[in-house]
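Here is the structure we will look at.
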Amino acid sequence: MTKKEVLERIQQLKKERNAIILAHNYQLPEVQDVADYIGDSLGLSQTAAAAEAQVIVFCGVHFMAETASILAPQKTVILPEIGAGCPMADMITASELVEWKKNYPGRKVVCYVNTTAEVKAECDICCTSSNAVRVVNSVDEEEILFVPDKNLAAYIARKTNKKIIAWDGYCYIHNKILPKDIRERKALYPQAEVWAHPECRPEVIDLADKVLSTGKMVKEASETSKKEVIIATEAGIIYRLKKENPNKNFYPAKDLALCSNMKKINLRKVLTSLEKMIYKIEVPQEIGQRARGAIEKMVKI
Ligand code: SF4
């Protein structure tokens, strides 16, 4: 099958199945190009819930498809590659969280959206990288447990007076971006601004002009008067930033900051997922309801 034939077949199956394709900002260019919507994990899940389509082909990693299924339980959510997981989300299990909480009786738990449904179900409130500070400030207690990302927790701790007790998790991609990478890029592009994702190490955050979630990077890229920006996050987002802003230059802080899980889905797998309706992601009702509670509390804020 040629690429053109694959694309035609995907369009045909989308109509037959009443499906839409959602792609995360870190997906391969060919997947972003075929998607109806591109965005961050929560934005895509909310799009899934609001869409008229009955089938959601979610091109991202497992916890994202789960979140879409939690918010749209009446729809069929499909992840084209069942092995596309998030190593950071897998750094804490629900039973580990339950045990950890016993050390801090009465403390509220804030979870990053990058967690499994089972972990969300054990938390009080969920957050994203763009609303994490607001969510933490909304909790009455002065001491808060935060899972799973210690880097995001460190960023929040700088922005709030609350004491954050963090799980020792991290995103291996953001964690491998080092201050020397930023300095080397700045030497190459001295006029460029540096934008860092809050999952980066605190030492990298210190060198950033702006700290932004991927959603805010996309928005800021179209609004900034800067012509050159060094981007400290997963490098897959560069494709979208360049495509939407052809008159500006975006440089990855590190060329190899590529998440192999995010690259497991390709055009062929999108086609196969629509042909065979695989892999369906379903969250057990009781877990889904509790996890949804944590997400809905965040949305209210
Ligand atoms: S980039 Fe990091 S947070 Fe995102 S899916 Fe990969 S490991 Fe998980």
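Please read these numbers as outputs of a predicted model, since none were measured by experiment. Just so you know, these numbers use all the heavy atoms, side chains as well, and skip hydrogens, waters and symmetry mates. As the structure lists them, so they are numbered: ligands from 1, and atoms in each ligand from 1.
Each of the atoms 7 (S) of ligand 1 lies under 4.0 Å from some heavy atom of Y172. Listed by number with element, the atoms of ligand 1 under 4.0 angstrom from any heavy atom of E199 are 3 (S). For ligand 1, the atoms closer than 4.0 angstrom to any heavy atom of P87 are 7 (S).
Within the 4.5 Å cutoff, the side chain of L71 has heavy atoms near those of the I295 side chain. With a 4.5 Å cut-off on side-chain heavy atoms, T67 and K120 count as touching. In this structure the side chain of I144 never reaches within 4.5 angstrom of the side chain of I165, judged on heavy atoms. You'll find the side chain of F146 reaches within 4.5 Å of the side chain of C127, heavy atoms only. You'll find the side chain of K269 reaches within 4.5 Å of the side chain of N266, heavy atoms only. Between P202 and R158, some side-chain heavy-atom pair lies under the 4.5 Å cut-off.
Among protein heavy atoms, atom 6 (Fe) of ligand 1 sits closest to C259 SG, 2.4 Å. Taking atom 3 (S) of ligand 1 as the reference point, the nearest protein heavy-atom neighbour is N114 ND2, 3.3 Å. Of the protein's non-hydrogen atoms, the one nearest atom 4 (Fe) of ligand 1 is Y26 CE1, 4.1 Å.
Because the distance cut-off is set at 2.8 Å, C86 fails to qualify as a neighbour of atom 6 (Fe) of ligand 1, as none of its N, O or S atoms comes that close. C171 lies close to atom 2 (Fe) of ligand 1, since one of its N, O or S atoms is found at a distance under 2.8 Å.
The shell of residues lying under 4.0 angstrom from ligand 1, judged by heavy atoms, excludes N261.
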